[in-house]
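Below is one structure, written out as C-alpha cells; comments come after it.
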Amino acid sequence: MLVVTGSSPRQCSNPDGDHVLLRAFKNKADYCRVHGFDIFYSNAVLDAEMSGFWTKLPLLRAPMVAHPETELLWWVDSDVAFTDMLFEPPWGKYARHNLLLHGWDELVYGAKNWIGTNTGSFVIRNCQWSLGLLDAWAKMGPRGPVRDNYGKIFAEALSNRTPFEADDQSALVYLLVTQRERWADKVFLESSYLLHGFWEGIVDRYEEMRSKGQPGLSDDRWPLVTHFVGCKPCGEHGASYEAARCR
C-alpha cells in the first residue's frame, strides 16, 4: 500500500496554514507507520493544466507507472486526517474491485447525486483498468474552456449541482453514471465505515465518541477519516467555513 498526498507548492497565505498542513501530513505518516504502509508526498506541479482539485490525478499516475510493484494506492487530500489509527480496511473484501470509494449505490447510480461519493479519500489498484480510468477522468479537467464546459454538463446531468467549473468528484460520478457498463463492476462504494467522514458532523462529537466509542470501529462511533472539506487551511479563496469554526 502506498498512501499518496500533496499540497500546493506555494506558501500559505494564512499564517497558520503551513503549520496545519504539516500537522496533517504528520498524522498521515503516523497512520502509515502503524500499519506498515509507504507514503508519498508531493507539492510539485506535474501538469499545469490539472490544477486545483485535479492535481491528484497526475500525482497518482506518476507513482503507478514508476512503481508497478505497488498493488494499491490510497489517495488522501491534504485536509484529511486519520481519526482511527487502529482500523485498517478489510482489503480482501475488495479483491475483485479496482476502485474503493466511500459512498452509496442509490445516491450515485440512482439519484445521480454529485455528492453520492467523495474523492478526498479513495483507494485505487495499480493496473491497466485504473490507468484507463485516470485517462478518461482527466479529459474533463484541463483548466479553461474544457473545465467550464464540463461544469455546465455536470449541472444538467447530476442532481444538486450548480454550473460551477468541473471538479474531479463530479467528473467521476458523471463517468460512473454515463459509462456504468464500462466502470461500475470494478468500483466498490463502501458505507459500512467512514473511509470519508465530513468534519462538520464529527468534530462536535469527539468527547461523546471518546466516552461511548473506541478506536477500531471506524463508523459513526469513531470515524476512520475526518475530512475538513471547505475549510481551506492554507487560506485559499473559496472557503465555505470560517477558520475559527474549522479549528
Side-chain angles (χ1 to χ4, degrees), residues 1-89 91 99-102 118-127 130-131 133-134 137-138 141 143 167-169 172 194-197 199 218 223-236 238-239 246-247:
M1 171 65 72
L2 177 64
V3 172
V4 183
T5 189
S7 59
S8 171
R10 296 183 297 274
Q11 184 176 357
C12 291
S13 60
N14 184 317
D16 297 327
D18 289 312
H19 178 64
V20 171
L21 291 178
L22 179 61
R23 291 180 62 185
F25 176 73
K26 174 65 163 56
N27 163 268
K28 297 173 181 68
D30 286 344
Y31 182 85
C32 290
R33 176 177 50 80
V34 169
H35 295 278
F37 298 160
D38 294 321
I39 188 167
F40 173 74
Y41 165 85
S42 176
N43 65 353
V45 178
L46 300 184
D47 186 338
E49 294 300 309
M50 304 295 283
S51 58
F53 306 112
W54 295 90
T55 306
K56 65 187 66 171
L57 301 190
L59 284 183
L60 276 171
R61 186 180 182 86
M64 289 171 73
V65 173
H67 298 283
E69 74 282 0
T70 300
E71 181 182 1
L72 295 171
L73 296 92
W74 188 344
W75 172 264
V76 283
D77 281 358
S78 60
D79 55 359
V80 162
F82 286 100
T83 39
D84 190 340
M85 288 290 178
L86 297 185
F87 183 85
E88 183 175 336
W91 304 119
L99 182 64
L100 168 63
L101 298 152
H102 181 75
N118 189 279
T119 54
S121 169
F122 64 90
V123 180
I124 190 166
R125 191 176 303 281
N126 193 359
C127 63
S130 297
L131 291 173
L133 175 67
L134 291 180
W137 196 353
R143 61 184 178 182
D167 64 290
D168 64 296
Q169 182 172 301
L172 181 58
L194 293 184
L195 182 66
H196 165 269
W199 69 275
S218 277
L224 171 61
V225 160
T226 301
H227 187 189
F228 290 86
V229 61
C231 284
K232 305 290 185 182
C234 205
E236 307 99 318
C246 293
R247 298 179 188 178

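Everything quoted here is computed from the prediction, not taken from an experiment. As a basis for the values below, the full set of heavy atoms in this structure was taken, side chains included, without hydrogen atoms, waters or symmetry mates. Nothing fancy with the numbering, it's 1 onward along the sequence.
Atoms CG and CG, from Leu72 and Leu2 in turn, are 10.0 Å apart once rounded to the nearest 0.5 Å. Here the OG-CG distance, from Ser7 to Leu21, works out to 5.5 Å after rounding to the nearest 0.5 Å. Residue Asp18 holds its CG atom at 12.0 Å from CZ of Arg10, rounded to the nearest 0.5 Å. From Asn118, atom CG reaches atom CG of Leu101 across 9.0 Å, with rounding to the nearest 0.5 Å. With values rounded to the nearest 0.5 angstrom, Arg33 atom CZ is found 8.0 Å from Met85 atom CE. Put simply, NZ on Lys28 and CZ on Phe40 are 14.5 Å apart, with the number rounded to the nearest 0.5 Å.
Although no hydrogens or angles enter the test, the distance criterion places a donor-acceptor pair under 3.5 Å between the side chain of Asn27 and the main chain of Phe82. Remark: side-chain polar atoms of Trp137 are paired, donor with acceptor, to backbone N or O of Asp168 under 3.5 angstrom.
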Begin with the C-alpha distance, continue with both residues' side-chain angles, and end with the deciding distance and a verdict on side chain to side chain contact (heavy atoms under 4.5 Å, CB included) for Phe87 and Leu194. CA-CA 11 Å; Phe87 183 85; Leu194 293 184; over 6 Å; no
Begin from the C-alpha positions of Glu88 and Val34 and carry the test side chain to side chain contact (heavy atoms under 4.5 Å, CB included) through to its verdict. CA-CA 10 Å; Glu88 183 175 336; Val34 169; over 6 Å; no
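Closest approach of Pro63 and Leu59 over heavy atoms only: CD-O, 2.8 Å. The two residues Ser42 and Ala44 come nearest to each other via the heavy atoms OG-N, 3.0 Å. Across all their heavy atoms, Val229 and Trp199 have their closest contact at O-NE1, 3.0 Å. Across every non-hydrogen atom of Ala24 and Ser78, the tightest pair is CB-O, 3.5 Å.
With sequence neighbours left out, the ring pair (Phe, Tyr, Trp, His ring centres under 6.0 Å) criterion links Phe25 to Tyr41. Remark: His19 engages no residue in a ring pair (Phe, Tyr, Trp, His ring centres under 6.0 Å) (not counting sequence neighbours).
Looking at heavy atoms from C-beta onward, Leu60 lies in side-chain contact with Phe122 at the 4.5 angstrom threshold. Taking the side chain as every heavy atom from C-beta outward, Leu134 and Met64 approach each other to under 4.5 Å. Contact annotation: the side chain of Val80 never approaches that of Thr5 to less than 4.5 Å [non-hydrogen atoms, C-beta and beyond]. For the pair Leu99/Ile124, a side-chain contact is recorded, criterion being any heavy-atom separation below 4.5 Å from C-beta on. Side-chain atoms of Trp91 and Leu100, non-hydrogen and from C-beta on, do get closer than 4.5 Å to each other. Using a 4.5 Å heavy-atom cutoff, the side chains of Arg143 and Trp54 are not in contact. Between Cys231 and Asp79 the shortest side-chain heavy-atom distance does not fall below 4.5 Å. A heavy-atom distance below 4.5 Å is found between the side chains of Leu73 and Asn126.
Sorted by first and then second residue, the side chain to side chain donor-acceptor pair (under 3.5 Å) pairs with a member in residues 64-75 read His67-Glu69, Glu71-Arg125, Trp74-Ser121, Trp75-Asp77; sequence neighbours excluded.
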